[in-house]
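Everything below concerns the one structure shown next.
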Amino acid sequence: MPDDDAQLVQRSRAGDRDAFAALVRRHLPAAHAVALAVTGEPADADDVCQDAFVSALVKLEECRHPERFGAWLRQIVRNRARDLRRARAARPHVSLSDAAQAAGGGDPSAAAERREDAERLRAALGTLGETAREVVLLHDLEGLRHREIAALLGTTEGAVRVQLFRARRALRARLQAGTPAGAER
Amino acid sequence: VTDDSKAIGRLGPGGPEAVDLSALRASPADRRRLEDAIVAAAGAELARRAAVAPAIDAARSAAAVAGDGPLALVARWAIPTLAAAAILAALSVAGLALASRDPETAAGTLVGALELPEPASTWLDEDRGPATSDLILAVQEDLP
């Protein structure tokens, strides 16, 4: 039986590398979806997650409910991602999705096509609200269930279903119509 | 059919109605690399924690041992005693509050409880000092 979060947090406090690695494996998918929902950039989401996990470890004693480590971590992720987004807004940069590039493998045309798809999705996602982005990324990208997303966001399963339905409808409409330039934020 | 149609309507991990977001998904190898990078970045903090953990454990053990010593015994004895004292104090305050609400009744009760001689209790009940006639009466009552 796998250790629960409270046990893993306890062991991580004592510097147990395996326990911390288990926390990372368990919570990275949802944390990454949250970061991606805010930043819109897979590479930025990677950076945010790394920063947030290390920050969480440094201040692990502040986690008052270790059994709810995931919720505590995601709040750190959300705050870090918002900080990064503000910094990006103040100092715009050229968007290049490293993850999409890397996933294209050695075939340049496949990589280019994948990068275009990623840019189109990123732009369409950018037209949604932050919560709608989180819901659709957690469900359709990371494969979490409605019940799990409801627990993560502190809402009901029914509310998640409604938000997901609306987010998908809006996303499809944007993708079919072609997302206008500059509609990403 | 547009290029965008490639990005919609395909099966994704969220079920048949899911929007295909696979272009945004990191490969398992990339995800694994990110996990390793996070754990590596946390290496210094994990090492620091591992170094101080024995000292923290020792301090906790010492506190646990102290918990069975004389101080703990005193504390266990003192807590119920203090609780009893607090209850008595609360009852006393309540009694005083009730008595002070009706001073005449309280005085009468006090005079009755002290069983003072009749003239003295009369003076107290009427809230006055003894007159000469009262003193004569008192002296006469005491005579055999």
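So that the names make sense, note that chain A is the first sequence line, chain B the second, and so on, each numbered from 1. Bear in mind the structure is a predicted one, so any value in this text is a computation, not a measurement.
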Under 4.5 Å between side-chain heavy atoms, hopping through other hydrophobics if needed: is there a path connecting [X] to [Y]?
{"X": "A:Val77", "Y": "A:Val54", "value": "no"}
{"X": "A:Ile76", "Y": "A:Leu153", "value": "no"}
{"X": "A:Leu164", "Y": "A:Ile149", "value": "yes"}
{"X": "A:Leu128", "Y": "A:Leu152", "value": "yes"}
{"X": "A:Leu36", "Y": "A:Leu28", "value": "no"}

Residue part contacting chain B, namely of [X], when any heavy atom lies under 4.5 Å:
{"X": "A:Ser12", "answer": "backbone"}
{"X": "A:Arg13", "answer": "both"}
{"X": "A:Leu60", "answer": "both"}
{"X": "A:Asp16", "answer": "backbone"}

Counting only N and O atoms by type, is there a donor-acceptor contact under 3.5 Å from the side chain of A:Arg17 to the main-chain atoms of B:Gly43?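 No.
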
Verify the neighbour count for atom CZ of B:Arg48: are there more than 12 heavy atoms of other residues, nucleotides or ligands below 6.0 Å?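 Check passes, neighbour count above 12.
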
Could you pull out the closest heavy-atom pair between [X] and [Y], with the gap in Å?
{"X": "A:Gln50", "Y": "B:Ala37", "result": "OE1-CB, 3.7 Å"}
{"X": "A:His32", "Y": "B:Leu34", "result": "CD2-CD2, 3.9 Å"}
{"X": "A:Asp140", "Y": "B:Arg25", "result": "O-NH2, 3.5 Å"}

For the candidates A:Ala45, A:Ser55, A:Ala52, A:Gly15, which exhibits the highest count of non-hydrogen atom pairs separated by less than 4.5 Å from chain B?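 The answer is A:Gly15.
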
Considering only heavy atoms and a distance below 4.5 Å, find which of A:Leu57, A:Leu137, A:Leu138, A:Val136 pairs most often with chain B.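 When all of A:Leu57, A:Leu137, A:Leu138, A:Val136 are compared, A:Leu57 has the most.
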
Heavy-atom distances under 4.5 Å only: say whether B:Arg31 touches chain A with side chain, backbone, both or neither.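 Both the backbone and the side chain of B:Arg31 come within 4.5 Å of chain A.
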
Gap separating the CG atom of B:Leu24 from the CZ atom of A:Arg122, nearest 0.5 angstrom: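 Separation between the atoms: 9.0 Å.
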
Residue selection (most heavy-atom pairs with chain A, distance under 4.5 Å) from B:Ala29, B:Ala51, B:Ala41: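 It is B:Ala41.
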
Between chain A and each of B:Ala44, B:Ala42, B:Ala47, count heavy-atom pairs under 4.5 Å; write down the option with the most.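 Greatest number of close heavy-atom pairs with chain A: B:Ala42.
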
Just wondering, do A:Phe20 and B:Ile38 contact through their side chains at under 4.5 Å, heavy atoms?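 Yes, at least one pair of side-chain atoms sits under 4.5 Å.
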
Side-chain heavy atoms of A:Leu171 within contact of B:Leu21, under 4.5 Å: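 Yes, close enough: below the 4.5 Å cut-off.
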
